[in-house]
Amino acid sequence: MAIQQKLSLMIPGPTPVPEKVLEALSRHPIGHRSKEFQDLIESTTKNLQWLHQTQNDVLTITGSGTAAMEAGIISTLNKGDKVICGENGKFGERWVKVAKEFGLEVIKIDSEWGTPLNPEEFKKVLEEDKEKEIKAVILTHSETSTGVINDLETISSYIRKHSRALSIVDCVTSLGACNVPVDEWELDIVASGSQKGYMIPPGLSFVAVSKKAWDAAKQSNLPKFYLNLNSYRKSLENNSNPYTPAVNLVFALEESLKMMREEGLETIFLRHNRHKLAISNAVKALNLKLYADEKYLSPSITAVDTEEIDAEELRKKIKNKYDILLAGGQDHLKSKIFRVGHLGYINDRDIITVISAISSTLLEMGKITSQQAGEALIIASKYLNAN
Ligand SMILES: Cc1ncc(COP(=O)(O)O)c(C=O)c1O
């Protein structure tokens with residue numbers, strides 16, 4: 001039995017929280033209309049713009065990533081608008097549901113779970129829309145349910161050519177893990193959540209909004225109140241928030257963004273890439289298969305197909321013995337895959353440890369040889385030691 005209370009979170013959110021950030025969380029709250037809090041909002045907003053590589057407004061909402069996506073959709077679109085939704089996993093499915101719930105007409109572009117969306121299909125539908133009836137393209141960059149990264153750079157270039165449609169993008173598990181240059185790719189709405197690459201607990205979400213999206217927001221007639229981005233924009237002019245924000249999470253955000261700036265964007269992206277390569281190559285040495293197309297592996301999560309092994313049983317053993325929490329498969333993938341989160345505050349030791357835990361559990365179950373267990377570690381070390 002593992003000593004409890006030493007939980008290692010290797011799921012794609014909530015992610016581990018650094019000590020400095022925990023300390024910030026435990027401070028006594030301050031008034032959210034005070035000068036001190038306004039200064040904090042000014043500083044976190046600047047750092048959020050840095051993280052998003054944008055001059056656009058970046059708004060902070062009290063709510064999870066879904067709130068940020070919903071806010072982007074309902075603040076910029078109109079009843080009955082035609083939108084394209086990309087769907088190749090659980091989160092893509094969610095945005096189709098949200099769009100339909102608000103009465104939007106959805107053109108679905110999908111691909112099998114585990115495979116990326118095909119940018120050429122977006123190009124075709126957008127080029128055929130001569131009347132410019134398509135008002136937005138809604139898609140997920142890193143599809144957490146399958147560990148696939150979609151080619152947002154290419155898809156966004158087709159959206160730009162269309163010129164009328166907005167891009168509304170779920171970057172919940174890509175922002176802070178790989179390059180999402182919002183201005184360069186001219187992304188209109190970019191949504192993310194605090195419990196992911198930001199390294200803070202759940203409760204805040206962020207929406208970057210372009211000028212084009214603000215122009216669309218002027219006409220938008222979908223029902224909204226708490227998630228009306230116009231209210232957040234107006235308040236941000238005074239470095240404030242329309243409602244009582246999660247003050248302590250903003251303290252935490254200030255600390256985590258400082259840590260990110262110290263590490264530097266490029267170094268953060270390289271770290272996530274090394275971890276992705278170490279895990280994905282190590283699991284192959286353990287008779288396991290990658291669930292996602294190897295050319296499109298998410299920087300933040302690796303989905304592993306366990307074939308004849310019950311993934312839930314494996315996950316449970318690893319949790320009980322090592323106190324490492326891995327994520328399970330969702331929907332039809334339950335018991336078929338497990339997912340290793342390597343997003344946010346994760347270091348090389350976490351990666352070596354999780355690979356060792358998976359290897360020794362498989363060894364104990366009689367599924368691999370000790371030679372394979374050793375090879376997995378050698379392979380992982382090779383990628384961890386690469387620059
Ligand atoms: C890609 C992606 N989109 C959206 C969400 C939803 O975020 P939340 O649970 O914070 O609402 C998640 C959460 O895991 C996610 O991974």
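Just follow the structure's listing: the first ligand is 1, and inside any ligand the first atom is 1.
- By the 3.5 Å distance cut-off applied to N or O atoms, Gly65 is counted among the residues near ligand 1.
- In the vicinity of Thr144, heavy-atom distances shorter than 4.0 Å reach the ligand 1 atoms 1 (C), 2 (C), 15 (C), 16 (O).
- The closest donor-acceptor contact from the side chain of His141 to the backbone of Thr173 lies at 3.5 Å or more, if one exists at all.
- When the ring pair (Phe, Tyr, Trp, His ring centres under 6.0 Å) test is applied to Phe269, no partner is found at least two apart in sequence or on another chain.
- Every atom of ligand 1 with a heavy atom of Ser64 under 4.0 Å away is listed here by number and element: 8 (P), 10 (O), 11 (O).
- Neither the backbone nor the side chain of Ser205 has any atom closer than 4.0 Å to an atom of ligand 1 (non-hydrogen atoms only).
- Both Leu204 and Trp50 belong to a common hydrophobic cluster when Ile, Leu, Val, Met, Phe, Trp and Tyr are linked at side-chain heavy-atom distances under 4.5 angstrom.
- For atom 3 (N) of ligand 1, the closest heavy atom belonging to the protein is Asp170 OD2, 2.5 Å.
- Nearest non-hydrogen protein atom to atom 12 (C) of ligand 1 is Phe91 CE2, 3.2 Å.
- Ranking protein heavy atoms by distance to atom 14 (O) of ligand 1, first place goes to Lys196 NZ, 2.6 Å.
- Close approach to Arg94 involves these atoms of ligand 1, each under 4.0 Å from a residue heavy atom: 6 (C).
- The shortest N or O to N or O distance between Glu143 and ligand 1 is not below 3.5 Å.
- Between Lys100 and Glu87 there is no salt bridge, since no side-chain N of the basic residue sits under 4.0 Å from a carboxylate O of the acidic one.
- Inclusion of Thr66 in the set of residues having an N or O under 3.5 Å from an N or O of ligand 1 is warranted.
- By the criterion of a heavy-atom distance under 4.0 Å, the side chain of Gln195, and not its backbone, is placed next to ligand 1.
- Side-chain contact of Trp214 with Asp57: a donor-acceptor pair under 3.5 Å is present, judged by distance alone.
- Electrostatic pairing of Glu263 and Arg271 counts as a salt bridge here, judged by a charged N lying under 4.0 Å from a carboxylate O.
- Screening Thr140, Asn118, Asn150, Asp110 against Asn88 for a side chain to side chain donor-acceptor pair (under 3.5 Å) leaves a single residue, Asn150.
- Between the side chain of Lys224 and the backbone N or O of Ile74, at least one donor-acceptor pair lies under 3.5 Å.
- Every N/O-N/O distance between Thr173 and ligand 1 stays at or above 3.5 Å.
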Would you please test Ser298 and Glu143 for side-chain hydrogen bond (donor to acceptor under 3.5 Å, both in side chains) and show each step?
CA-CA 8 Å; Ser298 161; Glu143 188 34 271; over 6 Å; no
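- Within ligand 1, the atoms closer than 4.0 Å to a non-hydrogen atom of Ser142 are 1 (C), numbered from 1 in the order shown.
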